[in-house]
Amino acid sequence: MSGFLHRLVLACLLLPLLCGAAGAQDAASPDLGKPIAGHADTTYADLIRMVVPDLTAKGDYYVGSTPIEMRHIAGPDNDSSPPEAPSVFSAGVLGIKAGGKDRLAMLFDFGESPDSTEGYAVLALYDLTGKPKLLDAVNVATDRFTFFRHPGKLSLGASDDALMISSTHFNSNQGYMSTPLILVRDDRFELIDLINTFDENVCSYRRSQDLTFQALSDGSPYAAIKATITDKTVPGEETCDEPAPKAVSNDISVTYRWDKKTARYVADSDAFEKLAADNEKRF
């Protein structure tokens, strides 16, 4: 299957999940040609045009050429080039709080990068209080397909939210997921951490790693964030060449706390790095 068709199929699979989300913490997937709330003369496609100025409709999707320059959320070592003709089938949008202000976060996947095995997905931040304005845009693709997690944001207090993104690919029996956890500060995106998980489904067992987040109020400007990976192995029911392992479930947690001196979140352990290293041995 071509990359174009693969993205089209993935967009169709994700669309019901986004449109069906009822909670305020979940991203929606609006019709890109429809006006945004409170701005009858500005569509969601117009917001994307602030990133790709020559974006035009082509049937059921949009296509353009050169986007504006942007950094990678994980730093310059992860920089890659956008596709020659970025295409957008859908976008996730999520209203957030940042520094006490109302902002709109919008995530749209451009497709495959020509010089990377990862995709190219843009997370953009907009101010819609007056004339719509682009405040920041970053590439958040750390794997082939990128979208908002469910839920897509976590309240860090009355004035701020953190964003959670999923970037993934899969094969016949393995699934790879990376989760950028992102803070918006001074109207710019900042990476808190990039968390990697790995699922495996073979004849004798299924091993899954499910990631959840919880905010912990600790009196800091931004609440502490407790991230937990539930690493679970379930024996298979079929007769296999290899013996089935015992059922086991283990919670691995890391708490990120705001450090006023460095003005960033700091993890209290390297447990996720150790898990990622163990996972790599099973790739």
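In this structure, Leu275 is not a member of the same hydrophobic cluster as Phe198, with clusters built from ILVMFWY side-chain heavy atoms closer than 4.5 Å.
Counting non-hydrogen atoms of other residues, nucleotides and ligands closer than 6.0 Å to CD of Glu242 gives a total above 12. Heavy atoms of other residues, nucleotides or ligands lying less than 6.0 angstrom from CG of Asp60 number 12 at most.
Of the possible polar contacts, none joining the Asp199 side chain to the Gly175 backbone as a donor-acceptor pair under 3.5 Å is found. The backbone N or O of Arg282 sits less than 3.5 Å from a side-chain atom of Gln174, completing a donor-acceptor pair. The main-chain N or O of Ser220 is found under 3.5 Å from a side-chain atom of Asp218 such that the two form a donor-acceptor pair. A donor-acceptor pair is defined here as one N or O able to donate and one able to accept, closer than 3.5 Å; no such pair exists between the side chain of His39 and the backbone of Pro132. Using a distance-only test at 3.5 Å, with no hydrogens or angles considered, no donor-acceptor pair links the side chain of Asn173 to the main chain of Glu200.
Taking 4.5 Å as the limit, every side-chain heavy atom of Thr43 sits out of range of all side-chain heavy atoms of Lys34. Looking at Phe110 and Val52, their side chains come closer than 4.5 Å, going by heavy atoms from C-beta outward. Pro180 is listed as a side-chain neighbour of Thr142, based on a closest heavy-atom distance under 4.5 Å.
Taking the six-membered ring where tryptophan is involved, the planes of His169 and Tyr176 are essentially parallel, since the angle between them stays under 30° and well short of 60°.
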Q) Can Arg207 and Asp231 be said to form a salt bridge (Lys or Arg N to Asp or Glu O under 4.0 Å), step by step? A) CA-CA 7 Å; Arg207 184 174 176 181; Asp231 190 359; 2.6 Å; yes

Q.
Pair Asp136, Val184 - check side chain to side chain contact (heavy atoms under 4.5 Å, CB included), show working.
A. CA-CA 10 Å; Asp136 195 18; Val184 179; over 6 Å; no

Q: Please test Arg103 against Asp187 for salt bridge (Lys or Arg N to Asp or Glu O under 4.0 Å), starting from the C-alpha separation and ending with a verdict.
A: CA-CA 9 Å; Arg103 297 290 186 250; Asp187 283 332; 2.9 Å; yes

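Remark: the Asp115 side chain and the Ser81 side chain contain an N/O donor-acceptor pair separated by less than 3.5 Å. Donor-acceptor pairing under 3.5 Å is recorded for the side chains of Gln209 and Asn279.
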